[in-house]
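Proteins get letters first, then strands, A, B, ... in listed order; numbering begins at 1 in each.
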Amino acid sequence: MDNEANKESKGAKRYLITSALPYANGLKHIGHLAGAYLPADIYVRYLRAQKRDVVFVCGSDEHGTAIPIQATKEGTTAKAIIDKYHPIIKQNFEDLGISFDIYHRTSEPLHHETAQEFFSYLNNEGALELLASEQYYDPEVKTFLADRYIKGTCPNCGFESAFGDQCERCGTSLSPDMLINPVSTLSGKVPELRPTQHWYLPLNRHEEWLREWILNEHKSDWRTSVIGQCKSWIDGGLQPRAVTRDLDWGIKVPLPEADGKVLYVWFDAPIGYISATKQWAIDNNKDWKPYWYDKDTKLVHFVGKDNIVFHCIIFPVMLKLHGNIVPQNVPANEFMNLEGDKMSTSRGWSIEMDDYINDWIKKENGGPQLADTLRYYLTAIAPESKDSEFTWKGFQDANNSELGNIFGNFVNRAFVLMHKLCNGKVPPLHNELLDETDKAIIEDIKNAKAKVENLLEQYKFRDAQFEVIELSRKGNQYMQKKEPWIVAKKLAEQPEVQKQIDNCLHLCLQLTANLAVLINPFLPFTAKKMLHMMKVVDKMLDWENAGKIKLLSAGYSLRSPELLFRKIEDEEIKTQLEKLKAAVKSKEAAKEVAAETAAATEVQKEAVAVKPEIQYDDFAKLDFRVGTIISAEKVAKADKLLQLQVDLGFEIRTIVSGIAMHFKPEEIVGKQVTVVANLAPRKMRGIESNGMILMAEDAAGKLHFINPEITIDNGASVS
RNA sequence: CGCGAAGUAGAGCAGCGGUAGCUCGUCGGGCUCAUAACCCGAAGGUCAGAGGUUCGAACCCUCUCUUCGCAACCA
């Protein structure tokens with residue numbers, strides 16, 4: 001396995017690494033970071049340190065139906081939304097040290113051209129199918145509806161709010177036409193079916209090679225969860241997948257007969273990797289083609305588990321049809337929970353990258369070391385094989401204990417002792433005095449490189465990072481065994497013990513230099529800071545230097561140490577926990593307000609909406625009379641009904657009225673009211689009602705009688 | 001109801017057929033160069049329960065119990 005991994009990577013001439021393109025419709029949280037961006041960045045930094053030819057691309061995904069719809073809701077434009085979020089997300093990544101070579105965007109003309117070319121190529125090759133179908137259309141919003149914007153009753157379990165793509169209750173996969181009583185969630189109206197035609201990618205034609213490629217060739221080097229999900233997809237039968245949609249937001253289908261159609265976002269988005277590579281090549285005066293066409297290029301997609309089939313099945317099919325290379329691996333991560341619950345932006349239960357940056361990195365006692373703290377903890381709990389959990393307490397522990405006490409403190413001890421016992425210079429190494437303990441730590445340094453390297457090649461970032469901390473732990477143990485501060489007490493009488501001190505600190509400093517090289521892919525800001533303390537240039541971080549004990553020359557004077565990591569106090573953790581709870585509450589409140597507003601608007605609409613016009617004759621048919629309530633009693637077994645006797649002057653009527661929730665029987669006796677006198681009799685709860693009392697309903701839903709200003713004769717007619 | 005995930009030391013996790021392991025925490029000791037840090041040692045688990053397969057099971061199979069999720073987003 002180890003050999004295979006090495007062979008695989010050493011055979012590659014160049015690397016193309018991608019992270020899933022984030023949707024530019026809102027801020028991204030640390031779960032996204034841990035899943036697709038941080039591991040990719042670690043991998044890329046490692047490759048760069050090895051001087052391999054590597055390009056790391058990403059960018060904003062700015063198409064897709066959610067963006068224009070959200071824009072409509074917010075009363076702004078789709079363009080405004082992506083222009084707002086693209087730069088923020090880009091900056092967030094930069095602040096956290098995610099070192100994309102380019103962070104492109106799919107709204108760029110270059111991307112539009114690239115995607116259109118891709119489509120045309122496939123279409124000309126006969127790789128696509130044109131199929132006619134009927135799709136739901138909302139005449140009010142004048143748009144075809146995306147599956148999840150249609151709700152209706154699930155044909156399987158009867159759940160009334162099933163989405164057009166899936167029932168949230170029974171989990172059945174649906175298509176909109178399966179829904180009973182479909183309703184557009186945009187307008188609330190019943191959508192109508194309209195004929196349309198679309199281009200499809202017939203995945204079913206490619207089952208054979210996909211099976212061979214994924215389930216056979218990659219069965220041992222891809223993650224089990226990835227293989228499992230692909231297998232269940234393939235076994236479930238691959239279906240043709242629509243490549244185009246009837247929308248106006250997106251990339252125009254480059255055919256004259258396709259007016260009003262755009263490429264489906266899933267088709268254009270991954271092509272964003274290609275257009276980003278092109279733009280990078282232009283900016284850097286390079287040729288982009290080998291990265292996508294040469295089989296010596298190793299393509300790796302870093303994604304979250306929700307993205308597996310797109311990167312393992314659909315996009316590879318597209319690439320293959322287009323003559324490109326396919327990915328060598330798709331190391332997908334599972335999800336990261338937060339304090340016992342799933343992360344959810346809408347519920348406020350998440351830590352957005354932007355928030356973390358403002359609360360920690362940009363604080364006065366913050367700085368880039370806090371970016372590294374987050375990187376460290378997210379990697380330490382990375383959901384590589386199953387969902388994991390972020391807790392603020394865990395974050396604090398990881399920082400204070402592993403980073404501060406073990407790693408940071410070791411570096412600090414080495415420097416302080418060197419300044420105290422070796423005049424601030426790297427002491428010489430006296431080979432003749434090396435003992436077993438010294439040899440063991442030298443061995444540990446060498447082994448650490450191999451361990452980290454092997455784990456990284458297998459995308460085991462969590463374990464790889466652990467090995468680096470483990471090396472600093474060994475450093476602490478070594479120092480404790482050697483006790484140079486004790487040896488120093490003998491100096492006055494035995495000056496020759498200085499050599500023992502020299503050896504110990506020489507090795508501790510070499511170990512420190514190794515730590516900088518090894519930690520660099522994980523914690524780049526820390527590595528930088530260590531370079532500064534050691535007064536060496538960036539070049540020392542080259543991976544080939546790892547495992548060596550000649551990184552610092554004897555006699556070289558080093559700077560005074562600075563603490564690599566500050567402690568995180570309980571107070572700070574408490575603040576974050578409270579903030580989290582407060583965020584949930586405010587979101588809940590906002591939702592209630594929104595719901596109330598929506599309800600109120602609904603009522604208003606109803607109130608405003610006037611019934612269809614009628615003619616005078618229709619009105620003349622109604623016979624309104626004034627009458628007086630002479631008795632009232634509750635109807636048994638009916639919450640809302642009162643049985644009334646109303647004196648209409650010429651007769652006394654029994655009328656059953658649904659006003660019990662608003663009036664007590666005794667308080668309405670004697671009231672004058674307006675009655676519809678010629679309404680056909682109707683039985684309610686076994687009592688025949690002969691007429692109706694007119695009522696007006698106020699905004700609060702309270703009923704009020706309609707009656708003459710002053711008491712007049714019973715039986716008077718109203719018109 | 002159904003689907004999915006999971007139940008291993010106080011907490012968080014690894015192990016997935018061959019004598020139960022890591023980090024943090026706790027307790028005891030050492031050291032005092034260091035960010036009240038570091039080093040050594042110890043306690044603490046019948047690996048949810050019950051059956052079964054096997055020479056042997058935390059790991060495979062069956063059943064039971066319990067917990068969590070099924071919100072958003074989605075390529």
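- Using atom C1' as the reference point in both B:G51 and B:G15, the two lie 25 Å apart (nearest Å).
- Atom-to-atom, CE of A:Met336 to P of B:C13 comes out at 11 Å; the value is rounded to the nearest Å.
- Residue contacts shown for A:Ile469 are absent, as no nucleic acid heavy atom lies under 4.0 Å away.
- For the pairing with A:Leu509, the side-chain contact (heavy atoms from CB on, under 4.5 Å) check across A:Pro427, A:Cys504, A:Cys422 returns one residue only, A:Pro427.
- Taking atom CD on A:Glu467 and atom P on B:A14, their separation rounds to 17 Å, with Å as the unit.
- A gap of 15 Å separates the C1' atoms of B:A14 and B:A6, to the nearest Å.
- Ring geometry for A:Tyr264 versus A:Trp266: interplanar angle of 30 to 60°, hence tilted.
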Contact string for nucleotides 31-37 of chain B, one letter per nucleotide 5' to 3', B = base within protein heavy-atom range under 4.0 Å, S = sugar-phosphate only, - = neither, reads SSBBB-S
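- Separating the C1' atom of B:G44 from that of B:U8 is a span of 13 Å, rounded to the nearest Å.
- Rounded to an integer number of Å, the gap from CG of A:Asn337 to P of B:A6 is 13 Å.
- The distance from the OG1 atom of A:Thr106 to the CG atom of A:Leu263 is 11.0 Å, given to the nearest 0.5 Å.
- Looking at heavy-atom distances under 4.0 Å, A:Asp61 makes contact with a base.
- Within 6.0 Å of the NZ atom in A:Lys529, the count of heavy atoms belonging to other residues, nucleotides or ligands exceeds 12.
- Side chains of A:Gln458 and A:Asp463: no donor on one and acceptor on the other come within 3.5 Å.
- Comparing the C1' positions of B:A11 and B:A72 gives a spacing of 30 Å, expressed to the nearest Å.
- Salt-bridge formation is not detected for the pair A:Asp570/A:Lys574: no Lys NZ or Arg NE/NH1/NH2 atom is positioned less than 4.0 Å from an Asp or Glu carboxylate oxygen.
- A salt bridge links A:Lys482 and A:Asp435; the closest N-O separation between the charged side-chain nitrogens and carboxylate oxygens is under 4.0 Å.
- Non-hydrogen atoms lying under 4.0 Å from RNA chain B are contributed by A:Asp397, all within residues 390-399 of chain A.
- The gap from the P atom of B:G30 to that of B:U67 amounts to 48 Å, rounded to the nearest Å.
- Ring-plane geometry between A:Trp392 and A:Phe395 is classed as perpendicular, the angle between the planes exceeding 60 degrees on a 0 to 90 degree scale with a lower cut at 30.
- Side-chain contact, A:Lys567 with A:Asn405: a donor N or O sits under 3.5 Å from an acceptor N or O.
- For the P atoms, the distance linking B:C16 with B:G7 amounts to 14 Å, nearest Å.
- Classification of the A:Trp199-A:Phe119 ring pair by plane angle, with boundaries at 30° and 60°, yields perpendicular.
- At whole-Å resolution of the value, CG in A:Leu455 and P in B:A14 are 16 Å apart.
- One atom, CD1 of A:Ile313, and another, C1' of B:C74, lie 16 Å apart when rounded to the nearest Å.
- Distances shorter than 4.0 Å separate none of the side-chain N or O atoms of A:Gln477 from OP1 or OP2 on B:C38.
- With A:His301 as reference, A:Tyr273 is the one residue of A:Tyr273, A:Tyr459, A:Trp222 to meet the ring pair (Phe, Tyr, Trp, His ring centres under 6.0 Å) rule.
- Put simply, NZ on A:Lys460 is 12 Å from C1' on B:G15, counting in whole angstrom units.
- A side-chain N or O of A:Asn476 and one of A:Arg413 form a donor-acceptor pair less than 3.5 Å apart.
- Evaluation of the salt bridge (Lys or Arg N to Asp or Glu O under 4.0 Å) rule for A:Asp354 yields no partner, not counting sequence neighbours.
- One can place OH of A:Tyr377 at 11 Å from C1' of B:C24, the figure rounded to the nearest angstrom.
- When rounded to the nearest whole Å, the span between CD1 of A:Ile308 and C1' of B:G4 equals 14 Å.
- Residue contacts for A:Phe335: at a heavy-atom cut-off of 4.0 Å it reaches no nucleic acid atom on any strand shown.
- In this structure A:Ser107 satisfies the side-chain hydrogen bond (donor to acceptor under 3.5 Å, both in side chains) test together with A:Glu62, A:Arg105, sequence neighbours excluded.
- The C1' atoms of B:U32 and B:C40 are separated by 15 Å, rounded to the nearest whole Å.
- When the C1' atom is used for both B:C24 and B:C65, the distance is 31 Å, rounded to whole Å.
- Among the candidates A:Gln500, A:Lys499, A:Gln498, A:His506, the single residue satisfying the side chain to side chain donor-acceptor pair (under 3.5 Å) test with A:Asp502 is A:Gln498.
- Pairs of Watson-Crick or G-U wobble type, with distances under 3.5 Å, assemble into runs of 3 or more in RNA chain B at these ranges: B:2-7 with B:65-70, B:10-13 with B:21-24, B:26-30 with B:38-42, B:48-52 with B:60-64.
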Tabulate atom names and distances for all N/O pairs under 3.5 angstrom spanning the protein and nucleotides 20-22 of chain B.
none

